[in-house]
Amino acid sequence: MTPKHRLLVLAVAVVLLGALGAGFVLHAATRADHKNAPRAGGPSVSAGRVPLTGAHRIAFVNDAPGPQNAQVATVPAGDTGGGRTAADLKCARFYAAAGTGVCLQSGLGVVSQTNRAVIVDASLHTEHTFALAGTPSRARVSPSGRFAAWTVFVGGESYGAAFFSTRTSIVDTRTWQLLPNLEEFTTVLNGNKYHAVDDNFWGVTFASDDDTFYATLGTGGHTYLMRGSVARRTLTSVGVQNVECPSLSPDGTRIAYKKRVLNGASLWHEYVLDLRTLHTTPLAEHHSVDDQATWLDNDTIAYALPHEGDVKSTDLWSVPADGSGTPHLLIRDASSPAPL
Amino acid sequence: MYLADRAAPAREESGAGGRRGRAPAIPAVVLALGAVSLVTDVSSEMVTAVLPLYLVAGLGLSPLGFGTLDGVYNGVSALVQLTGGHLADRVRNHKLVAGIGYGLSAVCKPLLLVAHSLGPLGAVLALERTGKGLRTSPRDALISLSTPPEHRGRAFGVHRAMDTTGAVLGPFTAFLILRAATDGYDAVFGVSACVAVLGVLILVLFVPGDGRTPVGRDGTPGERPVARRPGDEAVAGERTALDAAAGGTRGGTDVTEGDRPAGPPAVDLRTALALLRLPRLRALAACAVLLGLTTVSDAFVYLLLQRRAGIGEQYFPLLPLGTAAVFLLLAVPFGVLADRIGRRVVFLAGHAGLLAAYGLLLWAPSAAALPFLVLGLHGVFYASTDGVLPAAVADVVPERLRGSGLALVGTGQALARFCCSLAFGAAWTVWGDVPALLGSAVGLTLCAAVAGAVLRPSPAAR
């Protein structure tokens, strides 16, 4: 081949590959637009006011295609299949209690994602915004509405490029004091002070005393349930291993959590731990649950599962907390449930 | 910057210019390989930039523990590099092995579209890394084989500058696509695949295969003078031997190599390992390993910088770009400098730069300039070592074993850095970040001193 021929081949290839690449982008852009258009047979969503107080409702992030996609919405707790009301607040992850909401948002910067946590009042007005170190994962508010906590995934902090760690923060919404990293708390594991570079905390859940909280510590390939104190900045192991994303029951006696089924595999089973006896009960959900569950009341747990045949959207399911019964579809095309 | 160099007429072709005269044009092979690396890096950095986002936001996965796999794979990747370099020498076709490496990485990009859980994704990324490991040494061998020794620093500098440009452009491209198409991770992977194919195509079209003739086959300017230079007769002789061997029946031809130490023409593992008997290569390999053992990995440098300088965590993704910007700006000038004043001086000065960066991190003055200074020094370190080391290695390894020699040193360095990461992580856990860094700084000082002494030019070599 002469140099001229080579350049010709290159030019043709650039045009063809360029067209193919443009096709990929156009296809994805069309799909993204499609997601903003309501789909026939989908849940009915109307724009409206979404107050976080008073009503017996469930708040969640609406994943249904349409203009309200990714917005915070509510449905009546007694009629979860009915019409939803969505507010003009988009979140990747959301939780609310006692008139305080925490909304984790993701945007796109020039060469990275820009993430922030927005604390909202009962009318979903922004009270405070915090920049986040990574991609939103978990969010919680204490039962009194005073403390909010969140966990994000941070990439690239260790040996390899694609390494992940978590960063968990707690904020006091009265003083706006931010505790940016639970790793700075004094940690006691099995009776000994503990600190390792691979410490990771995630999945905070608050008790009703505005001090006690629970979270997962992951280190050295194991996960531990930790009991923390916001005031004393301490975290102490409870004595139960293989506990992730704990969620404390409203009466404060039990913790729902996901338990890794097989070391190294992304498969979890949802369990409930009795804090007095440390007895664990598997729940009737047989699918892998990768979510921080929520207690709808003292007997029922709600969580997100990937939509059948579509890994990119989730439905909310509920199951009895005592291991009996069967899972029920609670709200389709939704994530981040929070009983109001 | 390389365009400016390229525009300069190849004056040395006339033989009139002295060694310190104007540099001849950069060999077309180096520019072609630079373009291949640039394009391939755009492709792979596109994926790297959106991967965390894709795993967490796109697939809703909890990627903790993903890093363990990745860390373990770093060790394997180093061994793959050794295999790639040696294999290329063995089949006497660096282009072929490099092409397989680039091809393997290209094939992985569309596979990302169908892998939806951590296991398969980990496997695809491991395969991608295998491709990278395979191609590194044969590619560097090609660069060295097509450039006269006195311009190799510059050639590697040009290659590294182009490579790093790709690494910077990758994330920009990826986020441009994501902004055009919300959640368009599949579009990012698809475009990345197209770009990767383009890289392989440039390699196939514009990099001459060395299985037949390593240099000047296309009559490319700037390559012919290699054989004419008085000092390079040995190199020319070696090349003739290689050509003859490659032309005959594989492995069966006996070739005399003049008065050079006679080795069998077929390259096997023993011949490759015998490279370590070359005192100069042994010295370089030992220094690369020693210095690698005290070179704190990038991730830790950025983490330390963030903690010591109090940079907001949201800026973390921008820190590698700072290093890359300085690296790509200085790679060529430092490569030229290495050609002029000696690779040893520049290589050691680079490590002094890294030491200064450690020092600044330890001192941590509350100055706004601190992050810029540390990233600048970190970039200087890369610019004065990353391309300069292979240039120095190429000087002492016979052509026939160039891939193996480069791979030997590269693998040693990579494994040493991996060990350093593990040790640094452990030290951080036990003693905290400052003592761990202090230990690395002391270690680096000692190793640099030893390297300075070991690499002192012997009267015969220079």
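Quick note: numbers below take in every heavy atom, side chains included, and nothing from hydrogens, waters or symmetry partners. Chain letters run A, B, ... following the sequence lines, proteins first, then strands; residues in each count from 1.
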**Q** Return the set of residues passing side-chain contact (heavy atoms from CB on, under 4.5 Å) with B/A35 (not counting sequence neighbours), or none when no residue passes.
**A**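 If we apply the side-chain contact (heavy atoms from CB on, under 4.5 Å) test to B/A35, skipping adjacent residues, the hits are B/M162, B/I202.
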**Q** Nearest 0.5 Å, what's the OG1-OH distance between A/T135 and B/Y54?
**A**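 So the OG1 of A/T135 and the OH of B/Y54 are separated by 14.0 Å.
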**Q** Could you check whether any side-chain heavy atom of A/V110 comes within less than 4.5 Å of a side-chain heavy atom of B/F172, counting everything from C-beta outward?
**A**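 A side-chain contact exists here, since the closest heavy-atom pair is under 4.5 Å.
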**Q** Rounded to the nearest 0.5 Å, how far does CG of A/L108 lie from OG1 of B/T182?
**A**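 Output value for this atom pair is 7.5 Å.
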**Q** Verify salt bridge (charged side-chain N to carboxylate O under 4.0 Å, His left out) between B/D183 and A/R31, making sure each step is shown before the conclusion.
**A** CA-CA 9 Å; B/D183 293 335; A/R31 188 190 52 212; over 6 Å; no
**Q** Could you check whether any side-chain heavy atom of A/P3 comes within less than 4.5 Å of a side-chain heavy atom of B/F206, counting everything from C-beta outward?
**A**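 They are not in side-chain contact.
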**Q** Looking at B/P171, B/G170, B/C194, B/A49, which one has more heavy-atom pairs under 4.5 Å with chain A than the rest?
**A**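 Most heavy-atom pairs within the cutoff with chain A belong to B/C194.
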**Q** Is B/L201 close to chain A through its backbone or its side chain, or both, or neither, when contacts mean heavy atoms under 4.5 Å?
**A**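 Just its side chain gets close to chain A.
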**Q** Heavy-atom pairs under 4.5 Å with chain B - which of A/G109, A/A304, A/G18 has more of them than the others?
**A**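 Sorted descending by pairs with chain B, the first entry is A/G109.
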**Q** Quick check on the interface: out of A/L132, A/N115, A/L17, A/T30, who has the most heavy-atom pairs with chain B under 4.5 Å?
**A**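 Heavy-atom pair counts peak at A/L17.
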**Q** Please check if the number of heavy atoms outside A/H287 that lie under 6.0 Å from its NE2 is greater than 12.
**A**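 No.
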**Q** Check whether B/Y302 gets within reach of chain A through its side chain, its backbone, both or neither, counting any heavy atom under 4.5 Å.
**A**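 For B/Y302, no heavy atom lies under 4.5 Å from chain A.
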**Q** With a cut-off of 6.0 Å (strictly less than), are more than 12 heavy atoms of other residues, nucleotides or ligands near OH of B/Y315?
**A**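 Open: at most 12 neighbouring heavy atoms sit under 6.0 Å from OH of B/Y315.
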**Q** Specify the closest pair of heavy atoms between A/R6 and B/L205, including all atoms of both residues, with the distance to one decimal.
**A**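 Looking at all heavy atoms of both residues, the shortest contact is NH1-O, 3.1 Å.
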**Q** Please report the shortest heavy-atom distance between A/V25 and B/A181, naming the atom on each side.
**A**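 Scanning both residues, the minimum pair turns out to be O-CB, 4.0 Å.
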**Q** Taking all atoms of both residues into account, what is the closest heavy-atom pair of B/L113 and A/F24, and its distance?
**A**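 Where B/L113 meets A/F24 most closely, the heavy atoms are CD1-CE2, 4.5 Å.
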**Q** Quick check on A/L7 against chain B: is it the side chain, the backbone, both or neither that has a heavy atom closer than 4.5 Å?
**A**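 Both parts, heavy atoms under 4.5 Å.
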**Q** Is it the side chain or the backbone of A/P180 that comes within 4.5 Å of chain B heavy atoms, both, or neither?
**A**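 Neither part.
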